[in-house]
Amino acid sequence: MSAVLRPAPELEPMRESDLREVLGIEEGIYEFPWTLGNFRDSLRAGYACWVIREARRVIGYAVLMPAAGEAHLLNLSVAAHSQRRGHGRKLLDHIVQVARRHKAKILFLEVRPTNEVGQRLYGGYGFRQIGVRRGYYPARRGREDAWVLALDL
Ligand SMILES: CC(C)(COP(=O)(O)OP(=O)(O)OC[C@H]1O[C@@H](n2cnc3c(N)ncnc32)[C@H](O)[C@@H]1OP(=O)(O)O)[C@@H](O)C(=O)NCCC(=O)NCCS
């Protein structure tokens with residue numbers, strides 16, 4: 001299909017029926033992916049879980065945990081074949097709006113120091129590094145730190 005004929009991607013709340021597609025993307029882009037249970041628990045806990053869909057197929061998703069006065073972005077992902085077309089930033093814009101709707105004043109997330117794409121996306125968006133969680137992520141050799149980033153809303 002030519003890019004001209006491609007329907008505009010749409011943001012929708014994630015449903016349990018999306019989880020097979022979501023997991024397929026997750027397992028395609030992460031060395032240490034979330035499990036089906038992680039996504040299902042997030043949905044059942046009432047976290048703000050969103051998908052971005054193009055031609056009826058899920059091409060990206062985000063999971064936001066709102067809490068009193070703050071919110072935590074737990075997952076933001078775009079399918080490998082759909083990256084670098086603005087979907088990540090669109091999802092992030094939406095998540096920021098959702099967090100504001102929940103009256104969050106600050107949005108937190110963790111990112112691997114080695115994730116240059118994530119660093120660029122979040123840094124360009126205005127997130128600042130506020131701390132480090134030692135050994136937060138599994139890694140090929142042991143564990144890897146996480147940088148904690150924050151955005152004032
Ligand atoms: C990070 C991710 C969500 C970005 O989604 P995307 O749809 O490709 O990003 P966008 O097209 O909206 O680009 C937004 C910005 O991200 C950065 N970026 C995205 N892809 C990049 C790449 N391949 N190289 C360098 N920077 C990149 C750029 O700063 C870009 O802004 P620009 O286009 O003005 O330069 C996506 O690459 C992804 O899912 N990666 C794997 C999972 C991951 O790392 N998630 C974040 C973990 S915290």
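Scope of the values below: all heavy atoms of this structure, side chains included, with no hydrogens, waters or symmetry mates. Atoms within a ligand are numbered from 1 in the order they appear, just like the ligands themselves.
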Is there a donor-acceptor contact under 3.5 Å linking the side chains of E144 and T114?
yes
Measuring from L91:CG to H94:NE2, what's the distance to the nearest 0.5 Å?
8.0 Å
How many angstroms lie between atom CD of E16 and atom CG of L36, to the nearest 0.5 angstrom?
8.5 Å
Salt bridge (Lys or Arg N to Asp or Glu O under 4.0 Å) pairs, two or more places apart, involving residues 74-83
none
Can a salt bridge be assigned to the pair R53 and E12 using a cut-off of 4.0 Å between side-chain N and carboxylate O?
yes
As a test of reading the model: which N/O atoms of the protein lie under 3.5 Å from N/O atoms of ligand 1, and at what distance?
| from | atom 1 | to | atom 2 | distance (Å) |
| --- | --- | --- | --- | --- |
| ligand 1 | 7 (O) | G88 | N | 2.7 |
| ligand 1 | 8 (O) | R84 | N | 2.7 |
| ligand 1 | 11 (O) | R85 | N | 3.2 |
| ligand 1 | 11 (O) | G86 | N | 2.7 |
| ligand 1 | 12 (O) | G88 | N | 3.3 |
| ligand 1 | 12 (O) | R89 | N | 2.9 |
| ligand 1 | 20 (N) | R84 | NE | 3.3 |
| ligand 1 | 26 (N) | R120 | NE | 3.4 |
| ligand 1 | 31 (O) | R89 | NH2 | 2.8 |
| ligand 1 | 33 (O) | R84 | NH2 | 3.3 |
| ligand 1 | 34 (O) | R89 | NH2 | 3.4 |
| ligand 1 | 35 (O) | R84 | NH2 | 2.9 |
| ligand 1 | 39 (O) | V78 | N | 2.8 |
| ligand 1 | 39 (O) | V78 | O | 3.4 |
| ligand 1 | 44 (O) | N115 | ND2 | 2.7 |
| ligand 1 | 45 (N) | Y30 | OH | 3.1 |
| ligand 1 | 45 (N) | L76 | O | 3.0 |

Hydrophobic cluster membership, with links at side-chain heavy-atom distances under 4.5 Å among I/L/V/M/F/W/Y: are V98 and Y122 in one?
yes
